Engineer: 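Okay, handing you the structure first.
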2 protein chains.
Amino acid sequence: MAASTPVKGTHTPSAGTGSRPGGRSARVRAAVHRAVEELLAEEVGDGLTIPAVAARAGVHATTLYRRWGSVGELLADAATSRFSGDVVVPDTGSLRGDLQRWAADVATDLADPDVLALMRATLGAGGEQGACACRGDREDQLAAMIAREEARGGAIPTVERAADALLGPLYYRAIFTGEPGSPDWARGLVDALLPG
Amino acid sequence: MAASTPVKGTHTPSAGTGSRPGGRSARVRAAVHRAVEELLAEEVGDGLTIPAVAARAGVHATTLYRRWGSVGELLADAATSRFSGDVVVPDTGSLRGDLQRWAADVATDLADPDVLALMRATLGAGGEQGACACRGDREDQLAAMIAREEARGGAIPTVERAADALLGPLYYRAIFTGEPGSPDWARGLVDALLPG
DNA sequence: AAGCTAACGCAACGATCTGTGCGTTCGTGC
DNA sequence: GCACGAACGCACAGATCGTTGCGTTAGCTT
């Protein structure tokens, strides 16, 4: 059990201009992303500035200004890289099992203070784009699990209702209340969603 | 019907030092809060700065630096003032009616782009404090409605489950997806929560 | 292996922000 | 009404940020 199926796989750099995604650029990108996460974890909170990130990453600020332009775009890029990497959805054989495992995983992920800090900062600076970056592929993963159950012939909820019943509470607790939900609580959400 | 009962009533200034909440200070406070909302509505997004707010409010930046210190605290204060003013909860006679009306009201409120901008900015800059400010008294209102139904002797869900089933989807949709929920959709959330 | 060019490092400038000291105004209590 | 003090306006200085132009490094191509 606990086999897995990849869902998306878009992990390429944001620059659609597509010129030179090679070694150094990728290194810089990774260093910058890590610097962003580190600084956010250190409770700089308010003043996450380009120069600060550049200094931490060991890169010159000019590079950041040229590649990302603003803190908002930088955060949105970092969030995209963090939240929508190649993800696997669990495959336990039943929709309930899949959702329970998946919800528990999401809850565990959201319980990380660093993840929370990144999400909050991205929401604040990135506007609409940042918000979508924080969702990542989560709704796609939900849709994938539900589609698989549908192929099995089981009873399925709509993706919309599943998102309301699972992603809603999970994200609301993580972002707005101090205490993120536990994996057990997340599994309870699945029981509240599915009949029986 | 549609009578109302006040819930909290804490609308005093943030300064617990309690010295002079009189006329001018209050005027400045209101002007600054309005300036914050206006600037956020105008898609400044990234660079909401103290000087910009001061200029818009017709106050000197020094005042803002002294009273609030940072953009984060300023936003948290503005959010508190906006989201946890004296609020009334509906009283339709049944829990289902109360919740439906309340959920629709919340959905309508969250559909305002200006409110969204304020919430996102506050989340980003305010950290934990800002997040709680965005929740406002919503959970208290929920608890009040449920307590009233309990006094009537009706069947009640826990406040926790109600928050998960209502506030979760409402806030998740507003913040993370581009399309906030409609009042009708919000009423549907209540139907999913309550048996029958 | 050699050339081409995108991406980066560097330095300097202007603009903007952050913080301070002092005088003035206005709310509050006697 | 009068005095007291908190909050505000003002001007100034230090620090930081955002941007530009140019030279250099290092992927990518053939």
Side-chain angles (χ1 to χ4, degrees), chain A residues 11-36 39-40 42-78 81 121 124-126, chain B residues 11-36 39-40 42-78 81 121 124-126:
Chain A
H11 204 230
T12 54
S14 63
T17 61
S19 295
R20 194 178 284 187
R24 187 164 65 166
S25 293
R27 251 190 337 262
V28 167
R29 213 172 115 91
V32 167
H33 285 173
R34 199 177 41 182
V36 167
L39 286 177
L40 285 176
E42 289 174 11
E43 184 145 7
V44 288
D46 198 13
L48 180 72
T49 64
I50 299 271
V53 175
R56 172 65 64 104
V59 194
H60 263 73
T62 312
T63 301
L64 301 194
Y65 283 117
R66 279 203 257 260
R67 272 178 71 121
W68 288 280
S70 70
V71 188
E73 297 179 53
L74 173 55
L75 279 169
D77 188 44
S81 169
Chain B
H11 203 231
T12 54
S14 64
T17 61
S19 295
R20 192 178 288 187
R24 186 164 65 168
S25 292
R27 252 191 334 264
V28 167
R29 214 173 114 92
V32 167
H33 286 175
R34 200 177 43 184
V36 167
L39 286 177
L40 285 176
E42 289 174 13
E43 184 143 6
V44 288
D46 199 13
L48 181 73
T49 63
I50 298 270
V53 175
R56 173 62 65 102
V59 194
H60 263 73
T62 312
T63 301
L64 301 194
Y65 282 118
R66 278 203 257 261
R67 272 178 70 121
W68 287 280
S70 71
V71 189
E73 298 180 51
L74 173 55
L75 278 169
D77 189 44
S81 169

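Being a predicted model, the structure only gives us computed values, none of them experimental. Per chain, numbering begins at 1; letters A, B, ... match sequence-line order.
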Engineer: Let's test your reading of the model: under 3.5 Å, does the base of D:dG9 pair with the side chain of B:Arg66 as donor and acceptor?
Structural biologist: yes
Engineer: For A:Trp68 and D:dG18, what is the distance between atoms CH2 and P respectively, to the nearest whole Å?
Structural biologist: 15 Å
Engineer: Ignoring backbone atoms, test whether A:Arg27 places a side-chain nitrogen or oxygen under 4.0 Å from the OP1 or OP2 oxygen of C:dC8.
Structural biologist: no
Engineer: How many whole angstroms separate atom CZ of B:Arg67 from atom P of D:dG9?
Structural biologist: 10 Å
Engineer: Using whole Å, what does the distance between atom P of nucleotide D:dC8 and atom CD1 of B:Ile50 come to?
Structural biologist: 13 Å
Engineer: Does A:Thr49 or B:Thr63 map to a spot on DNA chain D nearer the 5' end, using the closest nucleotide for each?
Structural biologist: B:Thr63
Engineer: Suppose we call a contact any N or O donor and acceptor under 3.5 Å apart; does that hold for the side chain of B:Thr62 and the base of D:dC10?
Structural biologist: yes
Engineer: For the atom pair CZ (A:Arg34) and CZ (A:Arg56), what is the distance rounded to the nearest 0.5 Å?
Structural biologist: 10.0 Å
Engineer: Rounded to whole Å, how long is the line connecting atom CG of A:Leu48 with atom C1' of D:dT16?
Structural biologist: 15 Å
Engineer: How long is the line joining CZ of A:Arg29 and P of C:dC8, in whole Å?
Structural biologist: 11 Å
Engineer: If you measure from NE2 on B:His33 to CG on B:Leu75, what distance do you get to the nearest 0.5 Å?
Structural biologist: 9.5 Å
Engineer: Does B:His60 place a side-chain N or O at less than 4.0 Å from the phosphate oxygens OP1/OP2 of D:dC8?
Structural biologist: no
Engineer: A:Tyr65 side chain N/O closer than 4.0 Å to the phosphate oxygens (OP1, OP2) of D:dG18?
Structural biologist: yes
Engineer: Looking at A:Val53, A:Thr49, A:Leu48, which one forms a side-chain contact (heavy atoms from CB on, under 4.5 Å) with A:Val71?
Structural biologist: A:Leu48
Engineer: To check you understand the geometry: which heavy-atom pair defines the closest contact between B:Asp77 and B:Trp68, and what is its length?
Structural biologist: OD2-NE1, 3.0 Å
